[in-house]
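Following: one structure in structure tokens, then a few remarks.
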Amino acid sequence: MSLAQVHYTSAAPGDEGTAGRFTAVGPGVSGALLAEIEPLVRYELPGGVPERPSDGELRSLPQAFGYFALSDGSRLVARSAPVRDPGGTGAGVRFHAHAVHLPPGVPLPDDRLPVEAWRSPHWVAVTPGGAIPDPLTLPPGPAAVSEGLDDFAVSRGPWLAAVLADLRRASDAEAAGPPVALVERQCADVARWLGLASVTLPRESAERLTFTTYTRRPGSSASRVVGVGPEDAGAARAAGLRVHECAGPAPAGSTEDVWATTAARVWRSRSPELFREARELPGEPFAAGPLAVTALCAGIALGPDGRAAAAGWAADRPYALDARRTGQLVEAIASPGIDDRTAPEFDAAGRLFGALEGRCPASVTAPLAAMLVTEAVRGGNGSLELPRRDAFAGPEGAEVAGRLGPEILTELADTVGSRSVARTVQLLRVARLLGVDGTESLPGVVDRLAPELLAEASAAAHEGPPGFAPALLELLDEQFEVRTALLGALDRIAPQDPGAVARFLERVALPFTGTQALPHLRMCAEVPEAMATLGGDRAAVWHRVLRAAGLSPFAEPLVLRTAVGLVWEDRAPTVEEARLLLDAATSDSHRVAGTWARLVDAALSTSTAGTSATGTSATGTSTAGTSATGTSATGTDEAARLAHDLLRGFPEEIGGRERAGLLLLDLVRELRTGAPEPGWAERVRTLCAQAEPVEPALRERAHTALVERLLAPDRPGAELYDFVHGADAELIAAYDRAARTETVRARLRTQPAYAADCFTVWTAHPHAGHAWPPVAAALLDEVLRPVVRGMSAEDVAEAEATVGRTGSSGRADAFRTWNRSSTLGRLGRRIAGRVRRG
């Protein structure tokens, strides 16, 4: 098929207003296409060209060779070259464009690529008078542009990878982005770049790559690749093109495109035939794996990313390579001369070993196995997938064990330096793979490993298993002796922090279903389900967890500590729960387990919680069994009885402020139910001081118990005297509050003898310091007077008679006088006057 040719020449001097004209147009090229073609073939001289250049200067001017896609789907291959004006030697310079039009779907002759026509001998610089050969019809063999590409690639080594990466992107039909500008002094070098692309890229990508080897206006070019001279590099950069200044200093940095980096190494090795071999392997067109595998098998050294890509590709396709190339690939990846391997490369090599193991002879995979375990020991790659043990059964394994065994044992024996869990697990696994005997160091290793497991798992911010969990579980599955020792070590430390162990077991399901007792681990594993099933019934949870131990607390007291720590980890038991714990074992068991301290906390915590002074619980509900102050005595009484038992059961263990607090609670019990030793008020003051900082609620309840007993009709007079003359303002204020409660008022109304007793007490100590007299006077006037006024005449008479019997006739007269007065009365004024004089 004959292709239409087009000729265009620039305007002659003096033809102002026109850029040029078409001098010949082949059949089938419409006027609309000519309007589209004209700006594509125009030519602009570089700067600094003489007005009348010599023949040598004219030949050195750049030629614009381009390949363009037109709007109707057709394509255009064109060359625009400077020519001398027909006026003769010494005349000015014009240009002549010669183009070939390719209709849609029509390939180039002989299925050539456009760039191959760069040096076609059939391009002409004048409009022919008759038919001329098609410039795209080239002689057989490689085109001139393909010659010397190896040398050119080597000379452009610093730019190769980055330019190839951008040319690949420019050839992508779906990729958006700016065109690529190649800055070269010679437009022929731009054509050579395009020649490199035509060899490197797949055929369909190279055919999509539109280009021009020279332009003065890169920002307005319709091509994906444009060649510009150094003087126009700034304009290309200002227009937003991706500029590669190949005519300047070598660029800094490198590209992250592994395919482009590998392709550059292939070119620098002068092996372009490898691109065709790589395209025969399965994979995406620009996947780095096939090209990297081909390069490594050909003996071309690659970087870590290229080796990782090759190993990963071969791991996913273990049957894609024959035995020869598989051996070459393994040898290249595991070469002992490589010192820049990275973690991703080792991971890919591990996957490759796993894919080849069992499919290839051990002699083929042995170098990979040796490389992996050497990295595991010397490189510290804790995530590395290790080979199976039978990979080291031969002489290669003995050689590796001889090199690495001493290093492994030395590091495992080090108990001073820092070592992560993953590192310890990896060393133990490698030691087993190589048959290294670490029996002597194992106890020390697991004693160090067990707490580190808990610490690293606790420090991990994310939920779910920690990073070392898979390798740890594999280790425990592989090595029975390590599993036994490690589970035993965890069981021993569980009583110290059972909550941490329980949380660890929720994230890492350790295998302890064998014959080992492991009572503490079994309890830690049981508690989540027990709490989920039994809810807030902590006593029931405690019983269930304790049963999971399989041991009685009498036989193994430490199970008490573990159970208590699991159920009451961040809080004190209630007094009822503490009573359950105390009765569940002997004091000796609690002493050994250290749980007596939790019982002390329970007693003291219960004594300070529960009810407020208004008779409501902490939840706002009404309480029953309130004391004279309106506070429930039930919880305090239980706590006081628990305190009494704790003081008796652990006399040597409890000391300091805790002992004083328990003694204060015990005194409360005695004040309410028994006959405490004399000196009540002084004991309350002393114990409160010893228990400092004493909880306010405990102090209040001790004061309340004391004043309630002092308000009782049968209290000893000596205790009341000591209390009044002790001049303790805080205790006297508590007495005042207790005397004003409804309990006391009801007793005054119904028991005339009690009213007489209160009158006697409240009038008996007018000189007892500054705190008591005003309180006593106020109680007489504000509490007792309203009650007496409301009594019947018989009750008043009985009260008066009782005052006379317990005091004197003068005190009975004082009672009558006080009762008859409508105001404070003479007695009240006398008491108040004495207070003022005092």
Side-chain angles (χ1 to χ4, degrees), residues 568 570-579 581-582 596-619 623-651 653-674 676-677 679-712 719 723 726 728-738 741 743:
W568 292 281
D570 56 351
R571 64 188 74 112
T574 65
V575 67
E576 293 82 4
E577 293 166 347
R579 173 61 62 185
L581 296 175
L582 184 61
W596 59 268
R598 289 298 193 98
L599 306 181
V600 171
D601 291 342
L604 294 177
S605 298
T606 305
S607 70
T608 62
T611 57
S612 65
T614 59
T616 58
S617 70
T619 59
T623 59
T626 55
S627 66
T629 63
T631 311
S632 173
T634 304
T636 303
D637 290 344
E638 291 296 329
R641 282 191 285 273
L642 177 62
H644 176 76
D645 293 343
L646 293 176
L647 289 168
R648 185 177 60 184
F650 308 100
E653 287 74 24
I654 304 175
R657 62 178 297 272
E658 288 79 13
R659 183 176 185 82
L662 294 180
L663 287 172
L664 197 59
L665 275 174
D666 195 37
L667 178 58
V668 169
R669 180 187 63 83
E670 291 181 342
L671 286 170
R672 285 179 172 162
T673 62
E677 295 292 328
W680 304 347
E682 182 60 29
R683 284 183 63 195
V684 168
R685 285 193 293 268
T686 300
L687 290 175
C688 282
Q690 293 174 350
E692 288 291 349
V694 64
E695 290 81 357
L698 178 57
R699 184 193 302 274
E700 178 188 352
R701 288 178 178 179
H703 289 180
T704 299
L706 172 63
V707 298
E708 283 178 348
R709 189 65 184 274
L710 293 175
L711 281 166
E719 296 294 340
F723 165 75
D728 189 316
E730 194 172 354
L731 282 175
I732 291 174
Y735 183 94
D736 182 47
R737 291 192 298 272
T741 61
T743 301

Partner set under salt bridge (Lys or Arg N to Asp or Glu O under 4.0 Å) for [X], not counting sequence neighbours:
X	value
Arg659	none
Glu719	none
Arg657	Glu695
Arg709	none

Please identify each residue that fulfils side chain to side chain contact (heavy atoms under 4.5 Å, CB included) with [X], with sequence neighbours left out.
X	value
Glu658	Val600, Leu604, Ile654
Arg699	Cys688, Glu692, Val694, His703, Glu730
Thr686	Glu682, Gln690

Mind checking what makes side chain to side chain donor-acceptor pair (under 3.5 Å) contact with [X], not counting sequence neighbours?
X	answer
Glu670	none
Asp645	Arg579, Arg648
Trp596	none

*Do any N or O atoms from the side chain of Arg598 and from the backbone of Leu581 form a donor-acceptor pair under 3.5 angstrom?*
no
_Candidates Leu698, Leu664, Asp666 - the one meeting side chain to side chain contact (heavy atoms under 4.5 Å, CB included) with Leu687_ = Leu664
